Amino acid sequence: MGETISLMFDAQTVAERVGELGAQITRDYAGGALTLICVLKGAAFFLTDLSRAIGGEVDVELDFMDISSYGAKTESSGIIKINKDLTLPLKGKHCLLVEDIIDSGRTLGHLIKYLCLKEPASLKICAFLDKPARRVVFDHVPDYAGFCIADKFVVGYGLDFNERYRNLAGIYSLDL
Ligand code: IMP
Ligand code: MG
């Protein structure tokens with residue numbers, strides 16, 4: 001109760017930017033293969049749109065992992081728990097980690113370390129949103145980013161607050 005949401009990016013703006021990212025990834029990986037790694041649940045919407053924006057010139061496969069890092073608060077604990085692991089081997093593959101948002105960078109740092117143990121040929125990062133002002137762990141910068149945003153808590157397009165708002169087609173800032 002008492003929460004208000006304000007539109008930041010409407011569905012059309014989101015779709016246009018995802019299309020641009022898909023085109024860029026298509027150019028960068030044309031003629032090769034790419035394994036998209038989706039971090040559930042937040043990145044699920046982005047992953048399905050992004051994968052369809054990547055052209056047939058790239059041989060795409062998808063895998064999903066589910067991790068917990070946030071709980072019911074709006075601060076990252078920095079500890080990730082793997083609830084569901086990948087099912088495909090990554091060894092020798094070109095991989096792209098698809099994230100909803102990079103905030104403190106703690107989750108990303110842990111994930112990269114974990115994925116590198118699987119010996120991919122390459123591992124790049126694609127984040128739909130980036131909040132650089134919030135960064136605490138500076139080890140990785142996204143190779144592809146949809147939008148850089150200010151220090152606001154956002155919901156929609158997969159992003160939640162206590163599991164709600166994921167279904168909104170646009171991105172909204174949340175005021176409590
Ligand atoms: P980090 O470890 O602080 O970078 O947090 C990354 C994770 O926290 C993201 O994958 C999201 O699940 C969640 N998160 C961070 N900022 C937001 C936000 O503004 N809205 C919703 N979820 C967020
Ligand atoms: Mg997430």
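Quantities reported herein were computed from a predicted structural model and do not represent experimental measurements. Note that ligands are numbered from 1 as they come in the structure, with each ligand's atoms numbered from 1 the same way.
Every atom of ligand 1 with a heavy atom of R106 under 4.0 Å away is listed here by number and element: 2 (O), 4 (O). The D160 neighbourhood of ligand 1 comprises atoms 21 (C), with distances under 4.0 Å to a heavy atom of that residue. Applying the 4.0 Å criterion to heavy atoms of S104 picks out, from ligand 1, the atoms 1 (P), 2 (O), 3 (O), 4 (O). Residue L159 approaches ligand 1 through these ligand atoms, each under 4.0 Å from one of its heavy atoms: 21 (C), 22 (N). Short contacts between ligand 1 and K131, defined as distances under 4.0 Å to a heavy atom of the residue, involve ligand atoms 16 (N), 17 (C), 18 (C), 19 (O).
Ligand 1 has at least one atom lying under 4.0 Å from a heavy atom of G105. Under a 4.0 angstrom heavy-atom cut-off, H110 registers as lying outside contact with ligand 1. Residue-ligand proximity: L108 is placed with every non-hydrogen atom at 4.0 Å or more from ligand 1. Not a single heavy atom of L129 sits under 4.0 Å from any atom of ligand 1.
With a 4.0 Å heavy-atom cut-off, ligand 1 is reached by the side chain of D100 but not by its N, CA, C or O. Residue contacts with ligand 1, taken as heavy atom pairs separated by less than 4.0 Å, involve K152 solely via the backbone atoms N, CA, C and O. Heavy atoms of T107 found under 4.0 angstrom from ligand 1 belong to the backbone as well as the side chain.
Ring-centre distance between F128 and Y157: below the 6.0 Å cut-off.
In this structure S51 satisfies the side chain to side chain donor-acceptor pair (under 3.5 Å) test with no other residue, sequence neighbours excluded.
Considering backbone and side-chain atoms alike, V155 places every N or O at 3.5 Å or more from each N or O of ligand 1. Between V154 and ligand 1, a contact under 3.5 Å exists for at least one N or O pair.
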TODO: Kindly determine whether I25 and L96 satisfy side chain to side chain contact (heavy atoms under 4.5 Å, CB included), including the steps that lead there.
DONE: CA-CA 10 Å; I25 292 166; L96 184 62; 3.7 Å; yes
Open item on the list: Show, in sequence, the C-alpha distance, side-chain angles and deciding distance for E3 and Y165, and conclude whether the side chain to side chain donor-acceptor pair (under 3.5 Å) test is met.
Closed with: CA-CA 11 Å; E3 297 165 19; Y165 301 113; 2.5 Å; yes
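The environment of NZ in K118 is crowded: more than 12 heavy-atom neighbours from other residues, nucleotides or ligands sit within 6.0 Å. Other residues, nucleotides and ligands contribute more than 12 heavy atoms inside 6.0 Å of the CD atom of E163.
Taking the side chain as every heavy atom from C-beta outward, I102 and I125 approach each other to under 4.5 Å. You'll find the side chain of I171 reaches within 4.5 Å of the side chain of L129, heavy atoms only.
We find the NZ-CD1 distance between K41 and I67 to be 12.5 Å, quoted to the nearest 0.5 Å.
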